Amino acid sequence: MLHPRAHNMLAFALPALVIGTCSSLVLIVVMRFAGILQNLLWNRLPALWNIDTSSSSWTLMTLTLTGVAVGLLIRHMPGHAGPDPATESLIGMPIPLSALPGLLLALVIGLAGGVSLGPENPITVINIALATAVGARLLPQVPSMDWIILAAAGTIGALFGTPVAAALIFSQTLSGNPDIPLWDRLFAPLMAAGAGAMTTDLFFQPDFSLNIAPYLRPRLIDIFSGSMVAVISIALGMVALWCFPRAHRLFHSIRSPVLMLGLGGFILGLLALVGGEVTLFKGLDEMKELAVGNSFSLSQLLTITLTKLAALVIAAACGFRGGRIFPAVFVGVSLGLMLHQHVDAVPAAITVSCAILGLVLVVTRDGWLSLFMAAAVVPDLKLLPVLCIVMLPAWLILAGKPLMLVHKLPRQ
């Protein structure tokens, strides 16, 4: 009753479900351990020792020691605790399994210690390595690229709690025989992403939305206002992009990873003293604090925006294991709220969503993911036409500009 094409798709259904589910479980376990360690470092130990966690000495010490610990892992663990995220995109080739323990520990310590990076890059690397290793052993006739796609799709679905992001990303990256419809090629990745998203939802439901005033109705002036916000966020992001490879080169001129990351952690501590505790960690939970009432002034939001963006550049450049998407979303939220306070005639839904769109576009150079993150944080269908139009001038500005990646450096 089924066409041979349907049989081919069904052949990958079970592996896709298993990989998507396991990808989510890896994410959940890592985030749980990171949360336990974070609570220990920032709550239980200070309470036990009667230390104020907002004190400059505790912040500087914790972040510096976090850098030293990650540096020791990179120095002594096999595989140097995985690849340097500054040289890798979100989806890459598999790494040796021997590098995974060090990468896992480096990720957990960085997340718990307050480093301004998200889990997305290392988690994707880990799941791709596991899926390709197991797949090559069980089904050696299947190309490794198929396992990479399924693991990446499952991880993206798990990270965002929905397969929509994976569908958007792979709709522009999957290529093949033009006679095979796109949905045939998306069938297995969507299965993996759906399984990853549903598994994540069983344990916790990722919620990126902010409590800001709803967008009542589209207006022509909002297209102009949103485009201006996107241009401002892109300009800010391009400054960070210009600094990124230079900071990376400067940090990596230090031969010792322990000294390099210890210095990076100390600088992150200094930035946290300027921007406040809200600029620590990956940013998704912290950005909700920004949108509560009017608890932050215009000058405070400006300081938070600049320090968080600087922390993102420093953390990624000095070698901490983590991703740049989640902190970029935080920067977009802070910038959008600041611009709304500056010109309150422009709705906060416009300033926040368009600022996120611009920042994520600079960091990822992925239009679909940028639209998805903007719509996930400000989930209002009335915004979609405005965002799609605002995306066009933003994409024109970034056409041909360098990516937020650096060339791999030779091992010393």
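Computed from a predicted model, the values in this text were never measured in an experiment.
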Gap separating the [atom1] atom of [X] from the [atom2] atom of [Y], nearest 0.5 angstrom:
X: S225; Y: H340; atom1: OG; atom2: NE2; answer: 12.0 Å
X: F266; Y: T64; atom1: CZ; atom2: OG1; answer: 6.0 Å
X: L290; Y: L210; atom1: CG; atom2: CG; answer: 8.5 Å

Just by distance, do the side chain of [X] and the backbone of [Y] share a donor-acceptor pair under 3.5 Å?
X: T351; Y: G336; result: yes
X: R246; Y: W242; result: yes
X: Q341; Y: L298; result: yes
X: S23; Y: G196; result: no
X: S116; Y: T279; result: yes
X: S334; Y: V331; result: no
X: E120; Y: R324; result: yes
X: T59; Y: S56; result: no
X: T87; Y: D84; result: yes
X: R321; Y: G110; result: no

With sequence neighbours left out, the residues meeting side chain to side chain donor-acceptor pair (under 3.5 Å) with S24 are T200

*Establish, for the pair K308 and F330, whether the NZ or CZ atom is under 6.0 angstrom from the six-membered ring centre and no further than 45 degrees off its axis.*
yes

Determine the interplanar angle of the H252 and H248 rings, folded into 0 to 90°, and report it as parallel if under 30°, tilted if 30 to 60°, perpendicular if over 60°. parallel

Sequence neighbours excluded, which residues qualify as ring-ring contact (aromatic ring centres under 6.0 Å, His included) partners of F281?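 ring-ring contact (aromatic ring centres under 6.0 Å, His included) check on F281 returns W42.
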
Sorted by chain and residue number, the ring-ring contact (aromatic ring centres under 6.0 Å, His included) partners of F208 (sequence neighbours excluded) come out as F160

| query | Does any non-hydrogen side-chain atom of L398 lie less than 4.5 Å from one of I234? | reply | yes

Worksheet entry | L309 and T305, any side-chain heavy atoms less than 4.5 Å apart | no

Should R219 and D222 be marked as a side chain to side chain contact (heavy atoms under 4.5 Å, CB included) after you check the CA-CA gap, both sets of side-chain angles, and the distance that decides it? CA-CA 5 Å; R219 302 177 302 173; D222 291 336; 2.9 Å; yes

